[in-house]
Amino acid sequence: MSYSQTPDVFRVEYMLLPKTDVGNRTSRIKLVANVPIKVLKKDVLVVGAEYNQYDYEIPSTLTVQVQEALAKFYVVDLNFGYVLKWNDDWRFIGLVTPRWASNFSIEFDKKDFKINVTAGAFKEKKDIEKPFRLVLGLSYNNTSSVRVPLPFVYYEKRFHKNWSYTLGVPKTGLKYFLKKDHFFQTELILDGYYVNIQNDILLDDNSTSTDVSSTSFLATIGYQHKITKDISVYLMGGHSIIQNGSLRDTDRNSVFILNNKPGLYFRTGIRIGI
């Protein structure tokens with residue numbers, strides 16, 4: 001699904017959630033690279049990767065073991081996708097994403113590995129008065145508590161020379177084009193992660209945590225400038241509406257709340273898109 005909404009050839013991004021009232025602070029460095037390879041004259045094979053490094057600061061009231069275990073964790077994806085051109089309007093997409101998500105305090109563990117699979121179709125019209133893109137499909141996420149493929153819909157349309165909107169999950173937004181190569185945008189974003197903790201954490205109440213998770217629902221506003229047709233820089237700022245960071249056990253039950261207080265949000269980066 002991330003490929004359908006952010007078809008990046010290359011992206012470097014820095015995200016910051018400043019310290020909240022409960023003493024948590026999170027930052028993230030994201031690196032994305034995808035190589036589209038033309039196949040059979042009209043189809044495209046996509047091979048790529050995404051690297052996310054989280055630096056996590058938690059209250060000093062928790063034990064040194066917990067602080068050290070959660071200081072850094074990583075999510076690494078490999079992307080293997082195929083785009084089949086069915087006709088001039090429709091293309092079918094298949095995407096397999098092996099994932100390693102862990103604090104990597106020791107060598108690789110089999111519990112670090114998950115796999116996500118996405119299948120769908122999209123229709124795109126660019127050279128018309130009101131260009132649009134529609135994406136329909138199913139996505140299976142091995143880290144989700146719902147172990148069945150879930151449907152998704154994504155729709156983007158330029159409905160006015162100065163305005164466009166996006167409807168979908170994890171991102172819905174509105175763009176205002178100030179002038180050529182400059183625009184402002186607002187977004188509602190659903191973001192999160194689910195990461196294995198190597199060397200499980202024993203808490204003060206004798207419960208054991210094997211994973212850490214975070215779910216955020218964010219409202220943002222920002223500015224983007226297109227340096228060239230395909231290269232752009234952006235700066236976003238906003239506030240979380242819902243924030244839930246938890247330590248979880250082997251049954252995915254929450255055993256300790258790390259952060260449930262909304263806070264500020266900032267994101268900036270540079271991307272090369274297609």
Side-chain angles (χ1 to χ4, degrees), residues 1-6 8 11 13-30 32 50 52-59 70 73 75 77 97 99 101 114 116 118 135 137-156 164-176 184-195 211-224 234-248 252-269 271:
M1 181 147 191
S2 61
Y3 176 73
S4 69
Q5 295 214 40
T6 57
D8 296 325
R11 179 192 291 255
E13 181 179 278
Y14 176 77
M15 181 272 290
L16 174 65
L17 292 169
K19 187 173 290 189
T20 63
D21 294 340
V22 294
N24 294 79
R25 178 187 181 276
T26 306
S27 64
R28 180 187 68 196
I29 297 173
K30 178 193 291 284
V32 179
E50 179 175 322
N52 291 273
Q53 175 184 308
Y54 291 86
D55 293 296
Y56 199 44
E57 181 181 329
I58 59 177
L70 300 180
F73 46 93
V75 179
D77 290 343
T97 307
R99 168 172 292 178
K114 306 293 180 182
N116 302 326
T118 300
V135 184
L138 294 171
S139 182
Y140 175 77
N141 188 333
N142 195 242
T143 61
S144 173
S145 58
V146 182
R147 297 300 182 89
V148 296
L150 297 176
F152 64 84
V153 178
Y154 167 78
Y155 184 67
E156 179 181 357
S164 72
Y165 65 82
T166 299
L167 299 175
V169 176
K171 184 186 298 184
T172 292
L174 187 68
K175 293 181 181 179
Y176 175 71
F184 293 97
Q185 62 190 87
T186 62
E187 294 178 339
L188 294 174
I189 305 170
L190 185 64
D191 197 5
Y193 52 79
Y194 201 99
V195 175
D211 302 273
V212 58
S213 72
S214 177
T215 301
S216 301
F217 184 54
L218 307 155
T220 69
I221 186 170
Y223 165 78
Q224 187 168 162
Y234 56 91
L235 175 64
M236 305 291 294
H239 204 277
S240 57
I241 300 171
I242 298 173
Q243 183 76 34
N244 188 347
S246 299
L247 294 176
R248 298 185 179 273
R252 302 183 177 232
N253 298 314
S254 175
V255 293
F256 188 86
I257 301 297
L258 291 169
N259 182 19
N260 59 0
K261 299 294 185 181
L264 295 172
Y265 171 88
F266 300 98
R267 189 174 89 246
T268 186
R271 67 179 293 264

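Note: hydrogens, waters and symmetry copies are ignored here, and every other heavy atom, side chains too, is used.
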Exercise. Do NZ/NE/NH1/NH2 and the carboxylate oxygens of Glu13 and Arg28 come within less than 4.0 Å?
Worked result: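 Salt bridge flag = yes for Arg28 with Glu13.
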
Exercise. Less than 4.0 Å between a side-chain N and a carboxylate O, is that true for Asp191 and Arg267?
Worked result: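 No, no charged N to carboxylate O under 4.0 Å.
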
Exercise. Are side-chain heavy atoms of Arg252 and Asp211 found at a separation under 4.5 Å?
Worked result: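 Of all side-chain heavy-atom pairs linking Asp211 with Arg252, none is under 4.5 Å.
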
What are the two closest heavy atoms between [X] and [Y], and how far apart are they?
X: Ile241; Y: Ala219; answer: CD1-CB, 3.9 Å
X: Ala101; Y: Val195; answer: C-CG1, 3.7 Å
X: Val135; Y: Phe152; answer: CG1-CE1, 3.7 Å
X: Gly222; Y: Met236; answer: CA-SD, 3.5 Å

To the nearest 0.5 angstrom, please state how far the [atom1] atom of [X] sits from the [atom2] atom of [Y].
X: Asn52; Y: Lys30; atom1: CG; atom2: NZ; result: 4.0 Å
X: Arg271; Y: Arg11; atom1: CZ; atom2: CZ; result: 5.5 Å
X: Asn116; Y: Tyr140; atom1: CG; atom2: OH; result: 9.0 Å
X: Glu57; Y: Leu70; atom1: CD; atom2: CG; result: 12.5 Å
X: Leu247; Y: Ser254; atom1: CG; atom2: OG; result: 7.5 Å

Using the side-chain contact (heavy atoms from CB on, under 4.5 Å) criterion, which residues pair with [X]? Sequence neighbours excluded.
X: Asn24; result: Thr20, Val22, Tyr56, Ile58, Pro59, Leu258, Asn259
X: Ile242; result: Phe217
X: Leu264; result: Pro18, His239, Phe266
X: Gln53; result: Tyr51, Asp55, Lys72, Tyr74

Exercise. Side-chain donor-acceptor pair under 3.5 Å between Thr166 and Glu156, yes or no?
Worked result: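 No donor-acceptor contact under 3.5 Å links the two side chains.
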
Exercise. Distance only, no hydrogens: is a donor on one side chain within 3.5 Å (strictly under) of an acceptor on the other, for Asn244 and Ser246?
Worked result: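 Side chains of Asn244 and Ser246: pair found under 3.5 Å.
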
Exercise. Side chain to side chain contact (heavy atoms under 4.5 Å, CB included) with Tyr265: which of Thr26, Leu16, Leu17?
Worked result: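 Among Thr26, Leu16, Leu17, the one that satisfies the side chain to side chain contact (heavy atoms under 4.5 Å, CB included) with Tyr265 is Leu17.
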
Exercise. Only one of Leu167, Ile221, Thr186 clears side chain to side chain contact (heavy atoms under 4.5 Å, CB included) with Leu174; which?
Worked result: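 Exactly one option meets the side chain to side chain contact (heavy atoms under 4.5 Å, CB included) with Leu174, and it is Thr186.
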
Exercise. In chain order, what residues pass the ring-ring contact (aromatic ring centres under 6.0 Å, His included) check against Tyr234, with sequence neighbours excluded?
Worked result: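 Tyr234: no ring-ring contact (aromatic ring centres under 6.0 Å, His included) contacts found.
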
For this session: Kindly say whether the aromatic ring centers of Tyr54 and Phe73 come within a distance under 6.0 Å.
Result: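 Yes, ring centres under 6.0 Å apart.
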
For this session: Return the set of residues passing salt bridge (charged side-chain N to carboxylate O under 4.0 Å, His left out) with Lys261 (not counting sequence neighbours), or none when no residue passes.
Result: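 If we apply the salt bridge (charged side-chain N to carboxylate O under 4.0 Å, His left out) test to Lys261, skipping adjacent residues, there are no hits.
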
Problem set entry | Steps toward side chain to side chain contact (heavy atoms under 4.5 Å, CB included) verdict (Gln224, Gln185) | CA-CA 8 Å; Gln224 187 168 162; Gln185 62 190 87; 3.0 Å; yes

Problem set entry | Stepwise side chain to side chain contact (heavy atoms under 4.5 Å, CB included) test for Tyr194 and Asn141 | CA-CA 11 Å; Tyr194 201 99; Asn141 188 333; over 6 Å; no

